[in-house]
Asks: 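Structure provided below as structure tokens; questions to follow.
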Amino acid sequence: MLEFVDSAAQAVSRITDGATVLIGGFGNAGQPMELIDALMDSGATGLTVVNNNAGQADAGLALLIKERRVAKIICSFPRQSDSWHFDEAYRAGEIELELVPQGNLAERMRAAGAGIGGFFSPTGYGTQLAEGKEVREIDGKHYVLESPIRGDFALIKAYAADPAGNLVYRKTARNFGPVMATAATHTIVQVDEVLEESLNPEHVVTPGIYVDTVVGIPTESGVKEREERAALAAGQPKPCLATKTAAELAAEK
């Protein structure tokens with residue numbers, strides 16, 4: 001049953017030790033930072049986390065890994081210049097890694113949401129990623145059987161939710177949010193704005209049937225979105241290099 005709560009702490013209060021948690025975000029874009037911080041404060045541990053990467057610097061998912069709250073991570077990009085907490089935990093044998101190519105990661109969650117028992121993908125064939133998996137030749141091409149990824153919970157970020165829990169996102173912050181919402185038993189969403197009126201059905205990205213808990217948490221990106229929408233409504237073009245004259249650009253230097 002859909003619920004609107006007042007705080008991130010309330011939103012994540014059902015997450016228990018050992019849960020599988022899908023966390024949206026592509027880098028910082030669309031990462032539900034406030035929900036992750038609340039999950040940290042909740043004390044839940046032994047988590048299996050599904051995310052595009054393995055945390056960045058000293059914020060969000062990286063802190064969960066630093067505090068050894070994550071027992072296993074399923075991701076496509078575990079190492080980057082500031083993934084030092086994952087590196088340390090992995091080298092110490094304190095976190096398990098399942099590496100999944102990015103397209104397969106998204107499709108495995110989509111399959112879970114669509115009720116598909118598995119699918120054949122050419123990605124990973126002939127590599128260590130295919131070890132132990134069924135391989136099949138179809139029309140002269142080799143494929144690897146991939147299984148769905150389901151979550152007990154999903155933590156995602158959207159721009160706005162209407163009273164029925166329908167969601168819209170802000171640009172690339174959408175990323176994994178829609179497929180994660182369908183693949184989780186309980187989907188928790190932080191939004192910049194809770195609308196009083198229903199969204200136009202043609203504008204809905206994630207239908208409210210996939211959403212369980214919504215919490216309104218205004219963020220800087222949400223402020224920018226509202227400013228851009230207000231400017232467009234007033235007939236003003238969005239400020240960008242393409243709308244400025246050469247003289248205006250020169251004056252700014």
Asks: Where is the tightest heavy-atom contact between M180 and G24, given as atom of each residue plus distance?
Replies: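 So the two residues come closest at SD-N, 3.4 Å.
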
Asks: Can you find a pair of side-chain heavy atoms, one from T219 and one from K157, that are under 4.5 Å apart?
Replies: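 T219 vs K157: side chains touch.
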
Asks: Cluster partners of I116, using ILVMFWY side-chain heavy atoms under 4.5 angstrom, listed by chain and number?
Replies: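 Listed partners: none, I116 stands alone.
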
Asks: Please tabulate, for side-chain N and O atoms in residues 61-68, each donor-acceptor pair with protein atoms closer than 3.5 Å (sequence neighbours left out).
Replies:
unit_1	atom_1	unit_2	atom_2	d
R68	NE	E94	OE1	2.5
R68	NH1	I65	O	3.2
R68	NH1	K66	O	3.2
R68	NH2	E94	OE1	3.0

Asks: Within the 4.5 Å heavy-atom criterion, are N52 and N175 side-chain neighbours or not?
Replies: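 In short, these two side chains do not touch, never coming nearer than 4.5 Å.
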
Asks: May I ask you to check whether over 12 heavy atoms, not counting those of F26, lie within 6.0 Å of atom CZ?
Replies: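 Open: at most 12 neighbouring heavy atoms sit under 6.0 Å from CZ of F26.
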
Asks: Measure the shortest side-chain to side-chain distance between D152 and V21 over non-hydrogen atoms and say whether it is less than 4.5 angstrom.
Replies: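 They are not in contact (no side-chain heavy atoms under 4.5 Å apart), so the answer is no.
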
Asks: Using residues 138-151 as the side-chain source, report each donor-acceptor pair under 3.5 Å to any protein atom, sequence neighbours left out, with the distance given to one decimal.
Replies:
unit_1	atom_1	unit_2	atom_2	d
E146	OE1	K133	NZ	3.0
E146	OE2	K133	NZ	3.3
S147	OG	R108	NH2	3.4

Asks: Checking Q80 now: which residues fulfil side chain to side chain donor-acceptor pair (under 3.5 Å) with it, not counting sequence neighbours?
Replies: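 Testing Q80 for side chain to side chain donor-acceptor pair (under 3.5 Å), a comparison that skips the adjacent residues, returns D82.
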
Asks: Using side chain to side chain donor-acceptor pair (under 3.5 Å) as the criterion, list what pairs up with S13, not counting sequence neighbours.
Replies: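 S13 satisfies side chain to side chain donor-acceptor pair (under 3.5 Å) with no other residue.
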
Asks: Check residues 34-49 and write down every donor-acceptor pair under 3.5 Å in which the side-chain atom is one partner and the other belongs to a residue at least two apart or another chain.
Replies:
unit_1	atom_1	unit_2	atom_2	d
E34	OE1	Q190	NE2	2.9
S42	OG	L39	O	2.6
S42	OG	A44	N	3.3

Asks: Do N53 and S83 come within less than 4.5 Å of each other through their side chains, counting heavy atoms only?
Replies: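 No, every pair of side-chain atoms sits at 4.5 Å or beyond.
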
Asks: Can you tell me if CD on E197 sees more than 12 non-hydrogen neighbours from other groups inside 6.0 Å?
Replies: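 No, because the 6.0 Å sphere around CD of E197 holds 12 heavy atoms or fewer from other groups.
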
Asks: List in chain and number order the residues that pass side chain to side chain donor-acceptor pair (under 3.5 Å) with N51, two or more places apart in sequence or in another chain; answer none if no residue qualifies.
Replies: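 Scan of N51 (side chain to side chain donor-acceptor pair (under 3.5 Å), adjacent residues dropped) gives none.
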
Asks: Considering only heavy atoms from C-beta outward, does the side chain of L155 approach that of P32 to under 4.5 Å?
Replies: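 Yes - at least one pair of side-chain heavy atoms lies under 4.5 Å apart.
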
Asks: Between N166 and H203, is any side-chain donor less than 3.5 angstrom from a side-chain acceptor?
Replies: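 Absent: no donor and acceptor within the cut-off.
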
Asks: What pair of heavy atoms forms the shortest contact from F119 to A111, and how long is it?
Replies: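 Scanning both residues, the minimum pair turns out to be CD2-CB, 4.2 Å.
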
Asks: Under the side chain to side chain donor-acceptor pair (under 3.5 Å) test, which residues partner E96, sequence neighbours left out?
Replies: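 E96 satisfies side chain to side chain donor-acceptor pair (under 3.5 Å) with no other residue.
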
Asks: Would you tabulate the side-chain donor-acceptor contacts of residues 205-213 under 3.5 Å, counting partners in other chains and residues two or more places apart, or write 'none'?
Replies:
unit_1	atom_1	unit_2	atom_2	d
T206	OG1	Y169	OH	2.7
D212	OD2	T187	N	2.7
T213	OG1	E3	OE2	2.9
T213	OG1	H186	NE2	2.8

Asks: Under a 4.5 Å cut-off applied to non-hydrogen side-chain atoms, are N28 and Q56 in contact?
Replies: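 Yes, at least one pair of side-chain atoms sits under 4.5 Å.
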
Asks: What residues form a ring pair (Phe, Tyr, Trp, His ring centres under 6.0 Å) with Y90, not counting sequence neighbours?
Replies: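 With sequence neighbours excluded, Y90 shows a ring pair (Phe, Tyr, Trp, His ring centres under 6.0 Å) to F86, given in chain and number order.
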
Asks: Under the side-chain contact (heavy atoms from CB on, under 4.5 Å) test, which residues partner T123, sequence neighbours left out?
Replies: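 For T123 the side-chain contact (heavy atoms from CB on, under 4.5 Å) partners, ignoring immediate neighbours, are P101, N104, S121.
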
Asks: In the structure I gave you, are the side-chain heavy atoms of C75 and V100 within less than 4.5 Å of one another anywhere?
Replies: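 With C-beta onward as the side chain, the pair stays apart.
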
Asks: Mind checking ring pair (Phe, Tyr, Trp, His ring centres under 6.0 Å) for F120 and listing every partner two or more places apart, or none if nothing turns up?
Replies: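 Testing F120 for ring pair (Phe, Tyr, Trp, His ring centres under 6.0 Å), a comparison that skips the adjacent residues, returns none.
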
